[in-house]
Each structure stands twice: as structure tokens, then as C-alpha cells.
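Working notes, beginning with the structure itself.
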Amino acid sequence: MAKKTEKKIKLRSAEWFGRQDEYGFIYRSWTKNRGIPQDQFEGKPVIGICNTFSETTPCNSHFRGLAEQVKMGVLENGGFPLEFPVMSLGESLLRPTAMLYRNLASMDVEESIRGNPIDGVILLVGCDKTTPALLMGAASVDVPAIAVSGGPMLNGRYKGQTLGSGTSVWQMREDLYAGRMKLAEFHEAEACTHRSHGHCMTMGTASTMASMVEALGIGMPGNAAYPAVDARRNLIARDAGRRIVDLVKEGVKITDILTRPAFENAIRTLAAIGGSTNAVVHLIAIAKRLGVKLELDDFDDLGRGVHTLLDLMPSGRFLMEDFCYAGGLPVVLRTLGEEGLLHKKAMTVNGKTIWENNKKAECYNKEVITEWKKPFKKNTGIAVLRGNLAPDGAIIKPSAATPKLMKHKGRAIVFENFEDLHKKLNDPKLDIDENSVMVLKNCGPKGYPGFAEVGNMPLHPKLSKKGITDMVRISDARMSGTAYGTVVLHVAPEAAAGGPLALVKTGDMIELDVEKRRLHLDVSEEELAKRRAKWKAPKPALDRGYWKLYIGHVNQANEGADLDFLVGKSGAFVPRDNH
Ligand code: FES
């Protein structure tokens with residue numbers, strides 16, 4: 001519950017700045033080197049601005065400006081802002097995959113907040129992994145916090161066509177491979193696709209997580225959809241800067257906002273927006289930091305019967321800019337509330353309940369945000385599959401899949417790892433047809449390593465040329481939120497951990513039945529036991545440093561792929577140093 005009246009809160013920062021001895025001198029004096037006046041150290045809430053600005057994270061490259069807006073808001077409301085950088089994770093450049101470093105960045109965030117004189121924190125998040133990393137880190141400290149997303153880019157435009165991040169790239173990739181697009185056109189389309197600041201403007205992982213921030217109530221209303229270059233994005237940052245000062249004074253911590261009902265609201269919202277499958281892993285990881293019980297099956301149970309309302313890429317036609325002009329996430333939350341699918345009393349960081357914030361939302365374009373009675377897609381959500389191929393679960397996003405492939409039996413074509421996939425896709429003689437089931441191993445959390453977004457394997461060029469656009473694909477990998485197809489993901493346990501996926505051989509028959517939530521490998525237990533006896537864990541490419549720590553401690557997909565020793569929270573207490 002939010003505390004609307006100011007409490008007598010003892011500020012953490014007083015342990016540093018409130019001291020009137022030689023150490024208080026040290027804490028204040030060094031900080032004053034920027035011209036900070038004495039009154040800033042006299043009982044004002046210190047607000048950390050946790051910034052993921054980096055030129056290696058193009059989606060967050062405008063965050064210096066956003067941080068300035070936050071600072072002004074903090075100052076306007078009587079706080080003292082202190083900006084600090086944390087590891088930034090850029091999806092487009094970082095190898096082998098940004099997900100490998102999500103947990104590392106979360107450690108950076110956690111320790112930076114706990115170790116410094118910070119009373120409350122603004123989390124500047126944008127590109128995919130920056131949102132969960134910062135929420136996970138802040139959750140483990142449990143201070144007052146507001147997440148401010150950087151906002152999506154403007155719609156891509158090329159030769160009169162609308163282009164969406166990722167989604168259009170995968171389409172153009174198929175066109176290039178099939179000879180329908182020239183290389184020069186491919187290059188020209190690059191600057192036309194990503195033509196403004198911001199993160200991917202499809203309903204990919206970044207936009208999904210920005211929507212989760214709003215639905216969880218840990219972000220300000222409107223957080224999901226205002227484009228990065230829209231004045232209202234700056235207003236959100238400014239308002240958040242003002243509001244976090246109040247949250248500190250009211251003593252409202254992350255655990256007061258991110259409750260089980262808030263997560264249930266987020267899961268139903270995820271289904272209603274047709275959001276990225278990556279949110280499943282991230283929400284579980286955040287919940288486990290907080291001690292909120294959240295399991296893989298919650299996504300299937302809570303998302304069942306929820307319709308996808310948004311006609312947005314990758315499943316549909318429009319983009320985040322269109323979503324913003326149509327009314328944004330408040331319309332979706334209002335609709336869920338009207339259908340009895342929202343915990344209306346869940347408290348949000350602006351001091352109002354989720355229902356108070358959204359009950360009057362108006363829709364300005366029913367093609368983009370469809371009505372509950374005439375939804376874009378019916379009964380979607382995330383389906384959790386189980387069977388002898390995925391004893392601990394696997395997921396599929398039905399709204400991105402081809403309906404006729406949702407029940408399918410086919411012969412497995414196995415790729416032992418990502419390199420093997422590329423080698424075999426370059427082999428014109430590969431024995432594969434459109435009824436085959438593509439199986440990719442060793443791309444889960446421990447494999448690859450880092451749980452890469454390679455689950456939407458490219459189709460073999462000979463099938464693309466035939467006009468085939470989708471096939472059943474199964475892996476322990478993730479899939480970019482901007483991707484689509486009948487793609488079974490997050491198979492757990494993964495192949496590199498010795499899961500049954502490791503035992504599949506080319507020629508085995510595999511059955512997928514999404515309606516029955518079944519994923520079955522048609523091979524006898526005796527045969528699987530023989531194969532298991534011969535199985536050896538793959539050797540990682542690097543066996544030192546963070547990679548070693550990560551591979552040795554990462555949990556499986558169904559548990560959020562966090563490091564086992566990071567699950568849970570330790571709070572904001574930090575032992576005093578020798579001062
Ligand atoms: Fe940053 Fe897509 S690459 S959000």
C-alpha cells in the first residue's frame with residue numbers, strides 16, 4: 001500500500017551527508033567540487049539517477065537529455081540528484097548476446113545503489129535488457145524507485161512503406177536471400193528503418209518491457225508508448241524526478257508497488273499487447289528478486305482467455321508511434337479493467353491506483369487498439385508447453401505463430417549449435433522440407449552462453465525460394481521480441497544442462513500440439529537412456545572471468561535465468577566503512 005502522507009523517514013543519505021565530523025566533511029567536501037551548496041546536504045532526499053546512456057547502446061544514446069529532465073524535476077521538488085552510470089546493454093552490438101550480461105548489469109545496479117548515499121532512484125531504461133537489469137538490481141536493494149523508459153523510435157519509412165525494427169529486417173533478410181531485394185536497397189533501408197532516437201518501435205522486447213513498467217505501476221502513466229523524441233517523454237522524466245522525492249518522503253519502496261497483483265496485471269497486459277516472450281523470463285527474474293511467487297505456469301493460466309488487442313508488428317501491421325496516437329497502454333489497461341482482468345487497486349508510483357490512472361482512457365484508433373469484442377486475435381497469451389522434450393516447460397507465442405502449424409508432427413532436423421545451423425543452412429543438399437521440425441540445441445542460458453535470441457532460425461534458402469515463410473522451430477534459445485513464427489522457445493532443461501533436447505537426433509519424430517500444451521519426442525525411454533549415457537556437456541568458448549561465474553551459476557529459463565546467488569533481496573543496509 002502506498003503511504004500518501006509523509007512519514008518521519010530516516011534518510012539513508014544522512015549516514016553520509018548528515019555527519020558533522022571529519023568524515024561528514026569528506027563526504028560533503030568531495031561532492032561540493034561541482035559547486036553543490038551546503039543546503040543540498042541538509043536533509044534533502046538524495047535521488048540516484050541510474051543511467052544506462054552509452055553510444056554502444058544506440059537505443060539509449062539520448063539518455064543524457066532524459067537525465068537532465070529528471071534532475072530538474074528532482075530539484076524542483078526539493079531533492080538532491082546524483083547521476084551515476086551503470087553497465088549498459090545494447091541489443092544490436094553486444095556479443096555474444098546482451099542477455100549474457102543482464103545479471104552482471106543487475107549486480108552493478110544493486111551494488112551502486114546500496115553502496116552510495118541514495119534514498120531513492122530513477123532507473124533510466126530502454127534497450128531490451130536494460131529494463132529488467134535495472135529493475136532486478138533495484139529490487140534487491142528495495143529502495144523507492146521509478147523506472148523511466150527512453151521511448152520507442154518513430155516509425156521506419158522506406159519507399160512508401162512502413163518498416164519496423166527487427167520484424168522488417170527478418171522480412172528483408174528473406175527477400176535478400178531469395179533475390180527479391182538488392183544489396184544496395186538493403187543498405188539504403190538501414191537509415192530509413194531506424195531514423196530517430198529511441199528503442200525498437202515494434203512491440204519487441206523493449207516496448208514490451210516499457211509496457212510492463214507501466215502495467216506493473218513502477219513507471220508513470222504513458223511510459224510505454226510516447227516516442228523518444230516526443231515532448232511528453234521529457235515530461236514523464238521530469239514528473240518522475242519530482243515524484244520520486246515524494247516517494248522517499250512517503251516511504252514507498254519497490255516492494256510496496258511490485259506485489260503479486262501487480263505482476264498479475266503485467267501478465268494479462270503482456271497477453272493483451274501480444275508482447276515479447278522475453279518478458280516471461282524477465283518478470284520471473286524480477287519477482288524472484290523480490291520474493292514474489294511467480295511461476296512459468298502463471299503466464300499460461302493468467303493469459304488464457306485474454307485477447308490480443310494490438311495490431312502491432314511483429315504480429316500485426318502498426319508500430320509504437322501509431323499505438324501512442326491511438327491512446328497507448330492506458331486504453332489496454334482500461335479495457336482489461338472493464339473485463340474484470342485487472343487488479344484495480346494495485347498502487348502505482350504516481351500515488352494513484354492503476355484504475356484511477358487509466359479508467360478514463362480513450363481510444364482514438366480502433367484499428368490499432370482493437371475492441372475486446374472484436375479483438376485483433378482471440379485467446380492468445382503465452383502458451384506453456386510440457387512433455388518429454390520439455391519436462392520443465394517451454395513456451396510459444398500463439399499470436400506470432402501460423403495457425404495450421406500449431407498442431408503438427410514432423411521429422412526433426414537437428415542443429416547441434418548455432419555454427420552447425422549456419423553450416424547446414426548453407427548446404428543446398430540438406431534433406432529438409434516444409435514439414436520438417438527444425439531443432440536447435442545449446443543456445444539456452446548455459447549454452448551459447450547467455451540464452452541467445454536465435455530461436456527464430458532462418459528457413460533454408462531452398463524453402464524460402466519456394467515461398468515457405470514459416471515452419472515449426474524448437475530450441476532452448478530465446479527469440480527477439482520483434483520476430484515471429486511457429487517457434488517453440490526456452491525449452492527447459494536446456495541441452496547444455498543435459499535436458500532431453502540434447503538427445504534429439506535428425507529423423508526423430510516430434511509432436512507439437514499447442515491446444516493440448518504438448519511437446520513430445522516420439523522416441524522410447526530405452527533409446528533415450530542409451531543416448532543419455534553417451535551425452536557429454538559441451539565445452540564453453542571461454543572458461544574464465546564472468547563467463548565462468550555465469551555458466552556455473554545461471555538458473556534455467558523457467559526460473560528466470562538469474563544467477564542462483566542473486567535470487568532474493570538483501571535490502572538497503574550497508575555496513576559502515578572504517579569511518
Ligand atoms: Fe535496442 Fe531493439 S536493439 S531495443
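Counting starts at 1 for both ligands and their atoms, in listed order.
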- Task: Taking 2.8 Å as the upper limit, name the protein N, O or S atoms near atom 2 (Fe) of ligand 1.
- Result: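 Protein N/O/S atoms under 2.8 Å of atom 2 (Fe) of ligand 1: Cys200 SG.
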Any side-chain to backbone donor/acceptor pair from Thr277 onto Ile382? Under 3.5 Å, distance only.
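Judged by distance alone, no pair lies under 3.5 Å.
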Quiz item: Would Asn350 and Asn357 count as a side-chain hydrogen bond (donor to acceptor under 3.5 Å, both in side chains) if you check the C-alpha gap in whole Å, the side-chain angles of each, and the deciding distance to 0.1 Å?
Solution: CA-CA 9 Å; Asn350 76 344; Asn357 281 337; 2.9 Å; yes
Exercise for the section: Report yes or no: do Thr208 and Ser276 form a side-chain donor-acceptor pair below 3.5 Å? Expected result: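 Distance-only check fails for Thr208 and Ser276.
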Please tell me whether Asp470 and Thr486 have a donor and an acceptor in their side chains that are separated by less than 3.5 angstrom.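 Thr486 and Asp470 do have a side-chain donor-acceptor pair below 3.5 Å.
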Query raised in the report: With sequence neighbours left out, what residues match Phe451 under ring pair (Phe, Tyr, Trp, His ring centres under 6.0 Å)?
Result: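 Partners of Phe451 under the ring pair (Phe, Tyr, Trp, His ring centres under 6.0 Å) test: His490.
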Looking at side-chain heavy atoms only, is the closest gap between Ser480 and Trp170 below 4.5 Å?
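When only atoms from C-beta onward are counted, Trp170 and Ser480 do touch, with a gap below 4.5 Å.
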